[in-house]
A.B. asks: 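Let me begin by handing over the structure; questions about it come next.
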There are 2 protein chains.
Amino acid sequence: MLNMASGNTIAEVASLIGDAARANMLSALMGGQALAAGELARHAGVTAQTTSGHLAKLLDAQLIAVEKQGRHRYYRLASPEVAQAIHALMTLAASGPKRHRPVGPRDAALRLARTCYDHMAGRLAVALADSLNDLGYVRLSDGAGRVTPEGQRFFCDFGLDMGTEPRSKRPLCRTCLDWSERRPHLAGSLGAALLDKTLDLGWVSRMPESRALRITRAGEMGFAATFRLASDWRDPALPQDAAPGAA
Amino acid sequence: MLNMASGNTIAEVASLIGDAARANMLSALMGGQALAAGELARHAGVTAQTTSGHLAKLLDAQLIAVEKQGRHRYYRLASPEVAQAIHALMTLAASGPKRHRPVGPRDAALRLARTCYDHMAGRLAVALADSLNDLGYVRLSDGAGRVTPEGQRFFCDFGLDMGTEPRSKRPLCRTCLDWSERRPHLAGSLGAALLDKTLDLGWVSRMPESRALRITRAGEMGFAATFRLASDWRDPALPQDAAPGAA
DNA sequence: TCGATGGTTCGGCGCCGGCCGAAGCATTCA
DNA sequence: TGAATGCTTCGGCCGGCGCCGAACCATCGA
C-alpha cells in the first residue's frame, strides 16, 4: 500500500456525501439558501433525530456551516468549494449509466430555471449565457469566462456592482456546466450578482421547498428586452448529438 | 421527502468514491496512466479478490474503463469529468479540518512535481503557470485561461500541436487549483500537451508506483531557459495570505 | 501439455453506520 | 410558569458492505 497519504481523507469526504440522506440535504442546500434542520429532514426523508446526527457529521467535516437564530438552526454549505464538489458529482451522476434515471415529475420546473448554489441554472441560465456571449458582453471560451469592456458597461448599467468588492478569492466570471442541459451557464460572482439582481427586480422568484425558480410576467418581458433571448429558449436543448430540426 | 430526483444517484457515485480502498485506487489513477489490477490492489492495500470486486463496481458505474491486454487488465479513469470530481473532493479534503493531516513522508516529492490526471501539478506546475502568465503567453484570469497570439506562436515553436486536433469537448486551456499549493496551474488540453512534451524531451520522468515526477538535469536547464522560471520556484509557496516580500 | 501468473467468482464472517423511539435541552410564546 | 416547538443525545436494533480464503478461469512461456 503506497501513497495513501491523501487518498484516505478524500474517502472520508466522499463517504459523507455518499449517504442518500446526506446527499439529499446537500442537494437541497445547493439551492443557495440556508435551511433549517427540520426542512432538511423533510428533504432527506428521515426523522429529526437522524437528521441531527447527519448534520453534526457534515458540520464536523466543515462541509456545512450553521447559524442559530432563535430556536431554529439554519444550515448552509460551508464554501463554494463544497458546492463545486457536489456539482461535479451531480454531473457525474447525470452522465453515468442510464439504468434508472426516472427524470422525476416536477423536474420540468427544475430544468427550466433553478438556483445552483448562488447563481442560476437551467434553460433560462443557459439561454442568458448564450445571449450575453452573442452580444459580446462576455466571452465564454470553453470552461471559462471573461467580461468584455462593453460587458462591464452593460452590467454596470443593469445595476450590478461587480468590481466594487473584489473579494480576491472569487472568480468574477466562471462557467458552470449545467447538468440538465449539458451546456455552460454563468457562475462566479457575476452569476451570483445576476441572480440577486433578478430576484430583486422580481423577474424570478423562489418556489417554496425547491430549488426551482418561477419566472414572473415582469421577468418574461425583462429578460427578453434586456438580454435579447432567442425566442425558442424554452425548448429543451437536445443534448449534444440529436438533430435540432423537429419541434 | 421532496426533490430526491437526482440527489439519490449522486449518493451512489459519492459512496463509490467514499470507500478507502476505492478512493486509493482512483487517486492512483489520477496519475493519468492506466494501471493493472494488481498494481491497484497494492495501492489500495487489499487483496486481489477484494480489488476485483471494487473494480467491478467502479466499472459498472462507469467511473473507470478497462482495456485488456494479454492476461493483464489495465484500468483508467473513464473521463475527464471523473478526474474533475475526484479533484474537487481532494481540494475539499485538503482544506477540511486539520485534525490529522499527516503530510506524509514522501509527500515532499509529490508537492514538488506530480501528474494530475493528464497534466502537471505541484510547485513546478504552478511556477510554469506563473511564468507563462508573466510572459504574456497565457492570460490566467481566475479560474480560466486563454492563450494569447504570442502564446500560440510560443507553444507552436516549443513543439506543441494544439489546435490541430480540435476535439471540441475539451477546453484548450483550463486552470486547475493545485491542492498542495492552493494556486492555479495549467490544465486542459494545453496542460496535457505540455506534460506529454516534457516527458518526451526527458525533462521530467515518472517515478515508479507514484504520481510524482522527477525533474531531470535536462529539465532543470530546459525549464529555466525556456520558461524563465523564477529562481525561487522550489520554495514552498505560502498559502494565499502571507506577504511575498521577504527572501 | 504443463506449470506459473494475473484476475475473477463464491461463500461466510464481522463490523460499521444508519435508523428510530424515548428522553432531554433550549427557546418562544401564552 | 407552563405548554408547544425545534433540535439534540442516548441506546439498541439491524442490514449492508468490505474483507479474506478457497476455488475457478484465462493467458503466457516452455
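By convention in this document, chain letters (A, B, ...) are assigned in the order of the sequence lines, proteins followed by strands, and residues within each chain are numbered from 1.
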A.B. asks: Please report the distance, rounded to the nearest Å, between CG in A/Leu55 and C1' in D/dT9.
C.D. replies: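 Checked: the CG to C1' distance equals 14 Å.
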
A.B. asks: Side-chain contact test, heavy atoms from C-beta onward, threshold under 4.5 Å: evaluate it for A/Leu26 versus B/Ile10 and give yes or no.
C.D. replies: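 A/Leu26 does not reach B/Ile10 side chain to side chain.
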
A.B. asks: Taking the nucleotide of DNA chain C with the nearest heavy atom to each, does A/Ser15 or A/Gly70 sit closer to the 5' end?
C.D. replies: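 Mapping each residue to its closest nucleotide by heavy atoms, the 5'-most match is A/Ser15.
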
A.B. asks: Need one value for A/Ala56: base, sugar-phosphate or nothing, where a base atom within 4.0 Å counts as base even if backbone is also close, heavy atoms only.
C.D. replies: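 Answer is nothing: A/Ala56 stays at 4.0 Å or more from every strand.
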
A.B. asks: Send over the distance from A/Leu58 CG to D/dT8 P, rounded to a whole Å.
C.D. replies: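 Distance, rounded to whole Å: 12 Å.
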
A.B. asks: I need the NE2-C1' distance between A/His72 and C/dC29, as an integer number of Å.
C.D. replies: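 Nearest whole value for this atom pair: 12 Å.
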
A.B. asks: As a test of reading the structure: which of D/dC28, C/dG7, C/dG18 is closest to the side chain of A/Lys57, going by heavy atoms?
C.D. replies: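 Between D/dC28, C/dG7, C/dG18, the one nearest the side chain of A/Lys57 would be C/dG18.
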
A.B. asks: By the side-chain hydrogen bond (donor to acceptor under 3.5 Å, both in side chains) test, which pairs, at least two apart or in different chains, include something from residues 191-204 of chain B?
C.D. replies: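 Found none.
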
A.B. asks: Just how far, in rounded Å, is C1' of D/dG6 from NZ of A/Lys68?
C.D. replies: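 To the nearest whole Å, that distance equals 11 Å.
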
A.B. asks: Of B/Leu40, B/Leu55, B/Leu35, B/Val66, which is the lone residue that meets side chain to side chain contact (heavy atoms under 4.5 Å, CB included) with B/Arg73?
C.D. replies: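 Going through B/Leu40, B/Leu55, B/Leu35, B/Val66 one by one, the side chain to side chain contact (heavy atoms under 4.5 Å, CB included) with B/Arg73 is satisfied by B/Val66 alone.
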
A.B. asks: Just the rounded figure in Å: distance from P of C/dT5 to CZ of B/Arg42.
C.D. replies: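 Taking atom P of C/dT5 as the reference, CZ of B/Arg42 is at 15 Å.
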
A.B. asks: What nucleotide, of D/dT9, C/dT8, C/dC19, holds the atom closest to the side chain of A/Val46?
C.D. replies: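 Nearest to the side chain of A/Val46 among the choices is C/dC19.
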
A.B. asks: For B/Asn24 and D/dC19, what is the distance between atoms CG and P respectively, to the nearest whole Å?
C.D. replies: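 Atom-to-atom, B/Asn24 to D/dC19, this comes out as 10 Å.
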
A.B. asks: Using a heavy-atom cut-off of 4.0 Å across all strands, would you classify B/Tyr75 as base, sugar-phosphate, or nothing?
C.D. replies: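 Sugar-phosphate contact only.
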
A.B. asks: Among the nucleotides C/dC20, D/dG18, C/dG7, which one has an atom lying closest to any side-chain atom of A/Thr47?
C.D. replies: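 Taking heavy atoms from C-beta onward, the closest nucleotide is C/dC20.
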
A.B. asks: What integer distance in Å separates B/Glu12:CD from D/dG16:C1'?
C.D. replies: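 Roughly 14 Å, once rounded to whole Å.
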
A.B. asks: Does a side-chain N or O of B/Ser52 approach OP1 or OP2 of C/dT8 to a distance below 4.0 Å, or not?
C.D. replies: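 B/Ser52 to C/dT8 OP1/OP2: side-chain N or O found under 4.0 Å.
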
A.B. asks: Side chain of A/Arg73 only, heavy atoms from C-beta on: which candidate in D/dG18, D/dT8, C/dC20 is closest?
C.D. replies: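 Of the options given, the side chain of A/Arg73 lies nearest D/dT8.
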
A.B. asks: Could you check whether the side chain of B/Gln49 and the base of D/dG21 have a donor-acceptor pair of N or O atoms closer than 3.5 Å, going by distance alone?
C.D. replies: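 Side chain to base: pair found, below 3.5 Å.
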
A.B. asks: D/dG18, C/dT28, C/dT9: which one has an atom nearest the side-chain heavy atoms of A/Arg71?
C.D. replies: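 Among the listed nucleotides, the one closest to the side chain of A/Arg71 is C/dT28.
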
A.B. asks: Please tell me if the side chains of B/Thr115 and B/Leu213 come closer than 4.5 Å, counting only heavy atoms from C-beta onward.
C.D. replies: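 Yes; the side chains approach each other to less than 4.5 Å.
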
A.B. asks: Do A/Leu77 and A/Met30 come close enough that some side-chain heavy atom pair is under 4.5 Å?
C.D. replies: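 They are in contact (side-chain heavy atoms under 4.5 Å apart), so the answer is yes.
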
A.B. asks: Which nucleotide in the list C/dG18, C/dT8, D/dT8 gets nearest to the side chain of A/His54?
C.D. replies: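 So the side chain of A/His54 is nearest to C/dG18.
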
A.B. asks: Need one value for B/Ala48: base, sugar-phosphate or nothing, where a base atom within 4.0 Å counts as base even if backbone is also close, heavy atoms only.
C.D. replies: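 Base contact.
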
A.B. asks: Figure out the CD/C1' separation between A/Glu39 and D/dC7, and round it to whole Å.
C.D. replies: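 The distance from CD of A/Glu39 to C1' of D/dC7 comes to 14 Å, rounded to the nearest Å.
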
